[in-house]
Amino acid sequence: MITFDHVTKRFPDGTVGVDDLSLEIEQGSFTVFVGPSGCGKTTSMRMINRMIDPTEGTITVGGRDISTVRPTELRLGIGYVIQNAGLMPHRTVVDNVATVLVLQGVTKRKARITALEAMERVGLDLRMATRYPAQLSGGQQQRVGVARALAADPPVLLMDEPFSAVDPVVRDDLQREMLRLQSELSKTIVFVTHDIDEAIRLGDRVAVFGTGGVLQQLDTAEAVLTRPANPFVTNLVGRDRGFRSLSFQSATQVPVHDVETLPLAGLGSAPALAPHAWALVVDGDRRPVGWLNATRQALVGERGEAALAPLGSLSTPSRTLRQSLDAVLSSPSERGVVVDDDGALLGVVEANDVLAALSAQRGSTTDDAGVLGATATQDALS
Amino acid sequence: MNLWGIRNWEAVQPLLVQHLYLSVVPTLIGVVVAIPIGLLLRDRRRARTVAVVLSSAIFTIPSLALFVVLPLLLGTRVLDPINVVVALTLYTVALSVRTTFEALDAVPAATREAATAVGYSSWRRATAVDLPLAIPVLTAGTRVVAVTNVSMVSVGAVIGIGGLGQLFTTGYQRDFPEQILTGLVLILLVAIVFDRIIALVGRAFTPWIRGASLRASERRLRALAQALPEVGRLREVVSGAR
Ligand SMILES: Nc1ncnc2c1ncn2[C@@H]1O[C@H](COP(=O)(O)OP(=O)(O)OP(=O)(O)O)[C@@H](O)[C@H]1O
Ligand SMILES: [Mg+2]
């Protein structure tokens with residue numbers, strides 16, 4: 001557990017970075033610090049590993065007042081991931097990942113073995129092990145950064161906008177990976193971002209910071225969306241918050257229908273589709289590949305698989321309303337594809353059913369969030 | 001090389017050896033002394049300023065004056081080659097301390113910060129992060145110092161210890177241009193060779209800079225798999241990559 005007790009940071013030039021912050025971060029929680037630029041998120045986080053010392057107040061990590069702990073000792077027990085990874089350019093990937101272990105006194109050989117395991121855990125190809133950081137993509141470098149932080153298995157992980165410099169697709173990947181890792185490892189994670197969507201997606205606790213380094217609200221992600229503590233938080237989560245809060249509403253009541261499928265293998269010899277019908281093309285493992293209608297079917301002979309329309313976003317059995325809505329909206333056939341955890345086809349959800357579920361939801365949630373939710377949905381549909 | 005130098009190789013060779021000795025030794029000692037000074041003082045603002053001012057001051061002393069004054073200060077004989085070694089070492093330290101500061105300043109602040117944040121102590125960071133990353137600038141600076149030293153040695157000829165520079169003084173006295181030319185060509189060669197060697201050593205110590213050679217990376221991967229046979233996955237990856 002990490003606690004801040006009336007912590008203030010005043011910089012030598014008089015700037016107040018963090019103002020009288022009191023806060024508890026539970027062990028095993030994923031806490032996200034979110035807020036506009038300059039509101040003291042980084043400063044707060046860096047006080048946890050003594051990269052910055054507070055002007056006033058006390059911080060404890062695991063019950064120990066950190067001002068009494070030697071900074072290097074403290075830092076070796078706290079994983080640290082930053083934007084642009086902060087790797088050592090002169091060390092190979094495996095040695096970068098092994099850094100903390102070597103600093104802890106583990107032999108180089110043992111450290112490398114553990115480092116290779118950590119690389120696998122974060123989904124890095126072992127062939128990258130002997131490359132230098134400059135020989136990796138930004139997303140790969142970021143993974144190396146995460147592997148380095150995890151290799152020594154520290155109980156606490158600090159992450160400062162780790163994914164904000166990579167493109168949206170890679171970011172999505174890394175966020176998913178982070179959630180998987182957290183479910184496996186249950187670290188105490190403090191994660192800084194100014195992206196409210198990222199905060200809600202990753203955090204089970206969200207700390208909203210305001211200008212001048214004042215904490216505005218610390219709550220579950222859902223509560224921050226549905227019950228903002230004050231106008232500042234309302235404004236930060238924005239007018240899309242109703243739409244975002246759909247992320248917390250289950251869509252398991254939305255029925256999954258069967259759908260006409262065509263095997264990818266015999267695509268050329270499939271029977272002709274009716275004029276307005278859509279069929280889902282699946283591969284040998286029943287994994288959906290794309291949509292096909294009559295117009296596109298005519299192009300199959302010429303273009304093969306490239307004639308298929310994209311699937312749109314997929315939804316899973318444990319799906320949320322937001323996922324279902326995304327799936328319906330992004331599918332060319334107006335039906336959202338549902339797959340199981342292995343990616344095999346379960347069926348489709350219909351736009352009408354999803355909208356009905358949204359209306360039902362509106363009746364059952366608080367007026368405010370419900371109305372906003374409905375407007376956002378209409379925006380999205382129009 | 002011209003004919004005179006070949007015909008009189010027996011006379012030229014000891015001068016060449018002395019020239020090599022007088023330029024290589026001060027360069028090596030100077031750099032080895034300057035680097036720790038640079039590492040130690042780089043973050044101490046006042047001490048660093050003093051070091052920079054002192055270095056400039058040393059460098060403004062004319063070399064000839066230094067050659068002449070040093071025996072008085074050190075108590076050495078006037079004709080002792082050690083005077084030249086000490087003088088050139090002083091210049092090298094003076095230049096290299098400043099080069100070291102610049103080389104360390106060129107290390108990205110973000111990298112240093114990240115190193116500190118993951119748990120490097122300041123001394124460990126200095127030696128394991130700052131120093132290796134400073135090598136490119138250090139190498140460039142050392143090449144300049146080395147070439148400067150090779151040419152400065154010849155000034156020592158005026159006091160009788162100048163390696164190949166002696167060919168200038170005697171050649172001039174005897175009005176014998178061929179001998180002067182020999183000296184020039186040999187000094188040029190020594191400078192070029194010295195410069196290249198330092199550049200190569202610098203490169204050898206900075207494998208991460210040598211372009212994105214994926215072939216080298218694969219070579220290292222095979223070596224790693226061999227060194228860590230217990231990591232089965234690594235073996236698979238390596239055999240798959242072949
Ligand atoms: N070393 C410093 N000296 C003076 N002021 C500083 C220093 N570091 C940060 N500040 C100020 O403290 C405040 C908080 O900075 P901090 O870096 O914590 O913000 P942040 O919330 O992380 O912002 P961002 O999202 O832009 O990273 C800012 O006003 C900043 O200008
Ligand atoms: Mg910040």
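Labels below follow one simple rule: chain letters A, B, ... track the order of the sequence lines, proteins then strands, and each chain is numbered from 1.
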Going by heavy atoms in the side chains, are B/Thr116 and A/Arg75 under 4.5 Å from each other? yes

Hey, does B/Trp208 have a side-chain heavy atom less than 4.5 Å from the side chain of A/Met88? no

Partner chain A: residue of B/Val231, B/Val118, B/Leu234 with the largest heavy-atom pair count (under 4.5 Å): B/Val118

Less than 4.5 Å apart, any side-chain heavy atom of B/Glu218 and any of A/Thr130? no

More than 12 foreign heavy atoms under 6.0 Å from CZ of A/Arg180: is that the case here? yes

Crowding at CD, A/Glu73 (>12 non-hydrogen neighbours, <6.0 Å): yes

Counting a contact as any heavy-atom pair under 4.5 Å apart, which residues of residues 31-61 of chain A contact chain B? A/Arg46, A/Asn49, A/Met51

Measure distances from B/Ala128 to the heavy atoms of chain A and classify the residue's part below 4.5 Å as side chain, backbone, both or neither. both

Residue A/Val94 versus chain B: region with a heavy atom under 4.5 Å: side chain

Applying a strict 4.5 Å limit to non-hydrogen atoms, the region of B/Arg124 in contact with chain A is side chain

Which value, rounded to the nearest 0.5 Å, describes the distance between B/Leu221 atom CG and A/Met128 atom CE? 10.0 Å

CD (B/Glu113) and OH (A/Tyr80) are apart, to the nearest 0.5 Å, by 6.5 Å

Using non-hydrogen atoms only, which part of A/Val102 is less than 4.5 Å away from chain B: side chain, backbone, both, or neither? both

Check whether more than 12 heavy atoms from other residues, nucleotides or ligands sit under 6.0 Å from atom CZ of A/Phe11, and answer yes or no. yes

Would you check if A/His90 and B/Thr206 make a side-chain contact, meaning some heavy-atom pair closer than 4.5 Å? no

Ranked by heavy-atom pairs below 4.5 Å to chain B, first place among A/Leu76, A/Thr72, A/Leu103, A/Leu74 goes to A/Leu103

B/Ser217 side, atom OG; A/Arg127 side, atom CZ - distance, nearest 0.5 Å: 10.5 Å

Option that, when pairs with chain A are counted at under 4.5 Å, heavy atom only, ranks first among B/Ala114, B/Ala110, B/Ala117: B/Ala117

Region of A/Leu158 in contact with chain B, defined by heavy-atom distances below 4.5 Å: neither

Under 4.5 Å from any heavy atom of chain B - which part of A/Arg70: neither

Side chain, backbone, both or neither: which part of A/Glu120 has an atom under 4.5 Å from a heavy atom of chain B? side chain

So do B/Arg233 and A/Leu116 actually touch side chain to side chain, heavy atoms under 4.5 Å? no

